[in-house]
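Just below is one structure, and these are the notes that go with it.
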Amino acid sequence: MSGLQRIGTADIEPIALGATLLGTGGGGDPHVGALTARRLIRERGEVPVRPAESLTAEDFVVPIGMIGAPSVANESIASLDEFTGVLDALREATGRVPTALMPIEIGGGNSLVPIAAAAAAGLPVVDADAMGRAFPEAQMVTFHLAGYGPGTAAMVDHLGNRVVLDAVSGPWSERLARAVTVEMGGTATMCDYAYPGDVTRECAIPGTLSLAHSLGKALTDNDVRGGERLQGLLRRLDGHLLFEGKIVHLDRRFSAGFTRGEAQLEGLGDHRGQELTIRFQNEFLIAHRDGALAAVTPDLIAVLDQVTSAPVTTENLAYGARVHVIAMPCDERWRTPRGIAEAGPAHFGYQEEYRPVEELAGTAAMSTRQEAR
Amino acid sequence: MSTGGYRLGIDVGGTNTDAALLDEDLRVVGSVKTPTTADTGEGVERAIDLLLERTGCPPEAIAHAMLGTTHCTNAIVQRRGLGRVGVIRLGAPATTSVPPLEGWPGELRTAVEGGSAMLPGGHEIDGRPITEFDPAALARTCERLRGEVDAVAITGVFSPVVPEQERQAARIAAELLGVPVSVSAEIGAVGLLERENATILNAALRSTLDSMSRGFSRALQARGVTAQIWFGQNDGTLMSLDYARRFPVLTIGCGPTNSIRGAAHLSRMTDGLVMDIGGTTTDIGVLTGGFPRQSAQAVDIGGIRTNFRMPDVLATGLGGGSVVHGSGRDLQVGPGSVGYRITSAALAFGGETLTATDVALASGWAQIPGTRPVTLDAATLEAARERIRAGLEDAVDRMKPDAAPIDVVLVGGGALIAPPELDGVARLVRPEHAGAANAIGAALGDIAGQAEQTFQLTETPHREAVARAGAVATERAVAAGARPGTVRIAAIEEVPLAYSAGGAVTIRARAVGSL
């Protein structure tokens, strides 16, 4: 399947919808990003897409996104000059001219910021990202896993204030950037992990913009029946259906800047008589079926409306909602010891050992077969 | 509790206009149902005439007339009778990546936009100004808008936290342009575009509501009704005519709310489900503490995203007129319906179409005087009955908050299609006058005020923040027409803002008082 070649206004909604699914319940609402991208493409033209394989050492690829509180970003929306301003700041600090932009995080609203910025700056966007999903911390990127630091990073706010960071490590960059963001009013546009194209090609997860687009297309295709739509999504994602059920208990708290809690589901259809518990911290992180581990971060867990398969975010979970819970493998790099240390269950405070979703699904299928015998 | 006199409640829905008369103890004296007309006013007049005739109530005995109407929704959906709005946003250069009206459907934008500007001003979440507000820049914009607009909508960044600047700008615009001005902090919560959209719609609807309310006043006067006029709003409470003229957008979505409130009153239930079965669909809402449960999702009105919260209602395609088709395993009931033609099309009324109502009559679940007996073959009857039962049970199961059996109030013209018992339901209550629950709900009339404000807890202690939000809600309830001594705080809800330093929290306060 060939990837996305160009991004026009009609491609924005599918990407936003697919990015919400890959946001695994979090990642921020892509609504503002979608409006910005559509407007800038309408005014300045379509955005060319470059496959990650086409990048060379001559390229300077700049990941760009928003940092800060999504609820603040929905009120104090970016200025028009913020996108080009942050690129100028980075160019002046590094002496290198950006040749392409890239999403740092394909899950949620940050999938669309580079498309808007690429339209504003007249640059292509790379069909790749550095998470393959959404994560809450800036150093949870594949560059960091491969031993690359954040490099020279730049931040700009809506007034045009520029801050350039040369942090010693990803976690330091995250810490300093958070502090700057607060002073900047709670939200800012940021570029980090900007590298020559050969490094980006080595580190980035290829094809994720195309993936988001094709998921969104599948979700908006009205010619498909509900069941086929779900099967189509699972095929595209190498995904597994963990559960079909109804939310019968919801405990959701907003604390220390996170949406935390858990949802309990009672089974329907093939899962009648079973129950599933999902715990979340902005994103869905761990699922247990009848007490046994069913999927856990860094693998992706998504909750989809039972009828439309539209992704349901942790903020929009509701009592009585009937949903499918699906899980899909993360990029292989998250499954290395370092990847699991950075974004595995222990990092989020869970005691379970990481086990790949396909292995857990296989075990469950086997035990069901044994019971059937 | 005597406020003296009768209450006339009217609910204008998509299909029917209902009217009900309540006495001063809120007992239902009578109710009528007439078809909604293209010009909604005609249907309203007919309903009033019919009700006065049937109840024999002297017009001058009516002290309060309450109208719940889809008029404003229709104006937006049909792009008709809307005012042209000058849109002013304060906060530039922040927010300039998404200008006002971006993403609006083209025709609606053409109908509403009279010019827009992004000017300096606005605040950060911690109350610091983004840029200095510039009255001269606003004055220049007003010059440009002069003669082009019927109303102005002003939205400042973080005005729910710092509302004064919008008011200052509103005074300037009102003075220079002489048109009504809507300010966003009085209309919505944090979430700039959604709040701005709602404020623009509100400004566009001011002339719509003016002409509609004049029509209503004239209709009442012509019949000798001297009652005070009230409008239903989407949270199940009423606002005075003056208040409704300032906040017409709040009338949107009052229909389902009225029916849930009416059902609560008729059944004396405060918690449970309300199943409103009409001719084509069944709407199920959740009653908590006497009011409808609100939906958590942002609401689209006419294709525009707003941050209004509407009652959480599940609609399913099953009603009294639902057509039974197919047979055996493939038998279906609905979603096709004979709708208002039921009294001629259904078998029991001498027609040729087998409907859900026929199934209910043949099953002996209900009787309708004057209808002919319906005989069906046992297999079809059994299959159709099971489809209806399964459809309603499924809808109940989707809406109830937990697995325990729940009380359900049945209302609406099609309520007779519900079987005597349903799985998952503790009590199935069928109150008298259930057909006019929506008009009764419109007449019930508590007056509410809501405030949704964001506070920095580093600057405002928590207790003071709650007290201030409560005071604003109380003030708004009184402004909407509540008697000052009767207002109490009905609910306080808090939503901390994610990631923000120092702990910012949005406090939603709701105050309710009597007429």
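So you know, we letter chains A, B, ... as the sequences are listed, proteins then strands, and number each from 1.
A salt bridge links Arg305(B) with Glu194(B); the closest basic N to acidic carboxylate O contact falls under 4.0 Å.
Of the residues listed (Arg38(A), Arg42(A), Arg39(A)), the one engaging Glu102(B) in a side chain to side chain donor-acceptor pair (under 3.5 Å) is Arg42(A), and it is the only one.
Interface residue Ile130(B): backbone and side-chain heavy atoms are both found under 4.5 Å from chain A. Glu266(A) touches chain B through its side chain: at least one heavy atom from C-beta onward sits under 4.5 Å away, while N, CA, C and O do not. Only the side chain of Arg322(A) comes within less than 4.5 Å of a heavy atom of chain B; its backbone N, CA, C and O stay farther away.
When all heavy atoms of Ile41(A) and Ile115(A) are compared, the pair lying nearest together is CD1-CG2, 4.0 Å. Considering all non-hydrogen atoms of both residues, Glu132(B) and Pro120(B) come closest at O-CB, 3.3 Å.
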Open item on the list: Go through it in stages, so that I can follow the logic: the residues are Arg195(B) and Glu75(A), the test is salt bridge (Lys or Arg N to Asp or Glu O under 4.0 Å), and I'd like the CA-CA distance, side-chain angles, deciding distance and then a yes or no.
Closed with: CA-CA 9 Å; Arg195(B) 187 175 74 252; Glu75(A) 174 75 26; 2.7 Å; yes

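Interface remark: of the candidates Pro99(B), Ala92(B), Gly103(B), Pro160(B), Pro99(B) forms the most heavy-atom pairs closer than 4.5 Å to chain A. Contact count versus chain B (heavy atoms, under 4.5 Å) is highest, among Ser76(A), Ala120(A), Gly186(A), for Ser76(A). By number of non-hydrogen pairs under 4.5 angstrom with chain B, the leading residue of Ile247(A), Val248(A), Leu35(A), Asp157(A) is Leu35(A). Comparing Arg128(B), Met399(B), Glu196(B) by how many heavy-atom pairs each has under 4.5 Å with chain A, the most go to Arg128(B).
In this structure, a donor-acceptor pair under 3.5 Å is present between the side chains of Ser184(B) and Ser159(B).
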